[in-house]
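Please read the structure below before turning to the comments.
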Number of protein chains: 2
Amino acid sequence: MNTNPGPYNLHVIESCFGCVMREEGVFCHLPHAALSHLNSLRQTALYPRGAVLFVEGESPRGLFILCSGQAKLTANSRDGQSITLRLVERGEVLGLSSVISNSPYLASAETLKPSQVSFIPRLPFLQFLRASPDVALSVAKHLSMELHKAWEKTSLLALAPSTPAKVAHFLLAWAAEHGQKTVEGVHVPLNLTHEEIARSIGSSRESVSRILGDFRQRRLIRVNGGSVIILEPHGLHSVMTGSPAG
Amino acid sequence: MNTNPGPYNLHVIESCFGCVMREEGVFCHLPHAALSHLNSLRQTALYPRGAVLFVEGESPRGLFILCSGQAKLTANSRDGQSITLRLVERGEVLGLSSVISNSPYLASAETLKPSQVSFIPRLPFLQFLRASPDVALSVAKHLSMELHKAWEKTSLLALAPSTPAKVAHFLLAWAAEHGQKTVEGVHVPLNLTHEEIARSIGSSRESVSRILGDFRQRRLIRVNGGSVIILEPHGLHSVMTGSPAG
DNA sequence: TAGGTCCTGTGACGACGGTCACAAATACCC
DNA sequence: GGGTATTTGTGACCGTCGTCACAGGACCTA
């Protein structure tokens with residue numbers, strides 16, 4: 001792992017920014033003028049799998065936009081444990097809150113796949129924000145939604161009656177965001193190791209493995225290479241709420 | 001508990017708003033003009049202990065500022081469990097994120113003491129924000145810090161090696177915010193029941209009771225009516241990190 | 001002082017799940 | 001293709017902590 005890696009392959013991918021920005025993410029509904037201003041601030045580079053974009057505690061150089069690929073935000077405890085706070089998909093933004101509050105990154109960002117990442121330096125971005133109140137508002141809105149997700153995760157971790165409940169919640173939440181309905185069930189691309197899942201819900205690899213095995217045996221899910229098919233959403237849901245199993 | 005209680009004693013406390021706003025909280029560093037505009041939007045009322053300001057799931061009517069007293073934000077699971085997401089002190093704001101993102105309140109707010117609370121309706125507030133970009137920015141900044149706290153709590157819940165570690169963390173965090181150093185140690189006003197603490201860290205009343213008893217026996221803390229004196233911050237810290245005890 | 005209600009302290013018990021250990025399976029790379 | 005690294009599946013063990021149960025305290029009201 002490389003603390004301050006720099007672009008591995010610095011060639012600008014012109015199409016990336018405009019496309020991602022208009023479809024999804026914080027800046028999606030900005031007027032064209034604002035978008036092209038933002039566009040002029042960014043630098044885009046291609047990072048390999050496992051690249052570290054920034055490290056917990058570092059003071060915020062700027063924000064990152066994931067144009068393609070996948071990344072994760074992880075917080076570490078002193079004894080080497082870590083939890084995955086957020087999985088970041090195409091079009092999402094990293095480091096925004098630290099840039100806004102000018103406080104150290106509170107998590108480390110690492111790519112999970114080769115990823116095209118745009119970088120916008122802090123000061124130009126803040127200047128841009130000061131000049132455009134509606135962008136500031138949409139940033140605030142985005143942060144609010146982030147906050148809601150964080151609180152949801154907190155309640156989950158504290159309130160979930162059991163580890164199976166956490167796994168069920170994780171699968172359902174993931175399906176809600178990235179799943180596609182088919183005849184046999186909800187098809188969820190889930191290219192994460194059991195280890196990653198465990199870290200995301202604050203459990204252990206072995207438990208996740210056992211629990212997924214159990215779900216499979218009870219025909220709640222089916223695993224297919226890098227993806228999971230949820231056969232019985234209701235079943236998972238009742239596991240999640242701790243009700244006496246359906 | 002009263003879902004939509006309305007002011008119990010609707011008399012405006014003129015001094016409250018100006019004083020609280022200037023000292024602490026989101027709006028503390030606003031120019032005078034902005035403050036007096038906000039001031040004109042607010043309605044202030046006195047609520048008794050146990051009053052419910054808003055309920056999880058309700059669509060956001062507006063935001064609340066706690067001028068005096070104390071309140072808590074709690075999230076509930078379907079089976080009656082609840083976790084205290086945040087304890088709200090004088091000068092702090094409630095419901096801001098829901099107002100900004102126009103999504104349902106994701107937690108319920110309840111006073112823990114008789115409290116003076118100012119209310120600002122949603123639409124006028126949003127209008128005010130749109131008109132004043134630096135206020136929008138300071139709101140974004142505030143939300144960022146909220147987000148950091150929420151993530152910290154998440155990592156705590158997931159990474160803490162044990163329940164004693166969570167309790168230690170809770171005490172230290174509380175001390176950092178509200179403690180006062182004296183000769184014998186850090187003096188922390190902590191008028192919370194063990195039940196409240198347990199809910200705040202996702203544990204049980206009995207465990208908290210036992211753990212505090214243990215801390216007391218090991219001379220890490222001393223309890224004095226409604227307040228705790230931390231005698232050995234380092235000791236607590238090593239409990240928190242799970243190191244082999246100092 | 002008597003009678004509530006709420007909070008605290010403690011004992012006993014049991015299971016959930018984390019840890020260790022190892023084997024099988026799969027993916028990755030020259 | 002073979003060789004290595006990573007990921008997954010499972011068994012055994014046992015400590016932690018949540019649950020149940022009850023007794024003693026603190027505090028308020030009458």
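Predicted model, so just to flag it, every value in this text is computed and none were measured. Naming convention: chains lettered A, B, ... in sequence-line order (proteins, then strands); numbering from 1 in each chain.
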Original post:
Angle, rounded to 10°, between the helical axes spanning five pairs at each terminus of the helix from C:dT1-D:dA30 to C:dC29-D:dG2?
Top reply: 50°
Original post:
In whole angstrom, what separates A:Leu112's CG from D:dT7's P?
Top reply: 11 Å
Original post:
Minimum heavy-atom separation for B:Gly202 to A:Ala158, with atom names?
Top reply: CA-CB, 4.0 Å
Original post:
Residues from residues 188-196 of chain B sitting under 4.0 Å of DNA chain C, heavy atoms only?
Top reply: B:Thr193, B:His194
Subject >> Base-contact (B) and sugar-phosphate-only (S) positions in nucleotides 14-25 of chain D, heavy-atom cut-off under 4.0 Å, - elsewhere >> reply: ---SSBB-----
Original post:
Tell me: CD1 of A:Ile197 to C1' of C:dG17, nearest whole Å?
Top reply: 17 Å
**OP:** Specify the closest pair of heavy atoms between B:Ser155 and A:Leu85, including all atoms of both residues, with the distance to one decimal.
**Re:** OG-CD2, 4.4 Å
Original post:
How are the rings of B:Tyr105 and B:Phe64 set to each other: parallel, tilted or perpendicular (split at 30° and 60°)?
Top reply: tilted
Original post:
With a 4.5 Å limit on heavy-atom distance, are the side chains of B:Leu112 and B:Glu196 in contact?
Top reply: yes
Original post:
Do you know the tightest heavy-atom contact between B:Ala71 and B:Leu66?
Top reply: N-CD2, 3.9 Å
Original post:
Is A:Ile201 close to A:Val167 at the side-chain level, that is, under 4.5 Å between some pair of heavy atoms?
Top reply: yes
Subject >> Nucleotide C:dT8, atom P - distance to CG of B:Asp214 in whole Å >> reply: 17 Å
Subject >> Value in whole Å for how far the C1' atom of C:dA27 lies from CG of A:Asn224 >> reply: 16 Å
Original post:
B:Thr154 and A:Thr154: side chain to side chain donor-acceptor pair (under 3.5 Å), yes or no, with the steps?
Top reply: CA-CA 5 Å; B:Thr154 304; A:Thr154 304; 2.9 Å; yes
Original post:
Over how many whole Å does the gap from A:Arg216 atom CZ to D:dT8 atom P extend?
Top reply: 10 Å
Subject >> Close side-chain approach of B:Glu184 and B:Ile229, heavy atoms under 4.5 Å >> reply: yes
Subject >> Any B:Leu171 side-chain heavy atom under 4.5 Å of B:Leu190 side chain >> reply: yes
Original post:
Among A:Glu152, A:Glu110, A:Glu92, whose salt bridge (Lys or Arg N to Asp or Glu O under 4.0 Å) with A:Arg86 holds?
Top reply: A:Glu92
Subject >> Verdict with supporting geometry, B:Arg199 and B:Glu195, salt bridge (charged side-chain N to carboxylate O under 4.0 Å, His left out) >> reply: CA-CA 6 Å; B:Arg199 289 196 162 164; B:Glu195 178 85 41; 3.6 Å; yes
**OP:** Check every atom of D:dT7, D:dT8, C:dT10 against the side chain of B:Ser209 and return the nucleotide holding the closest atom.
**Re:** C:dT10
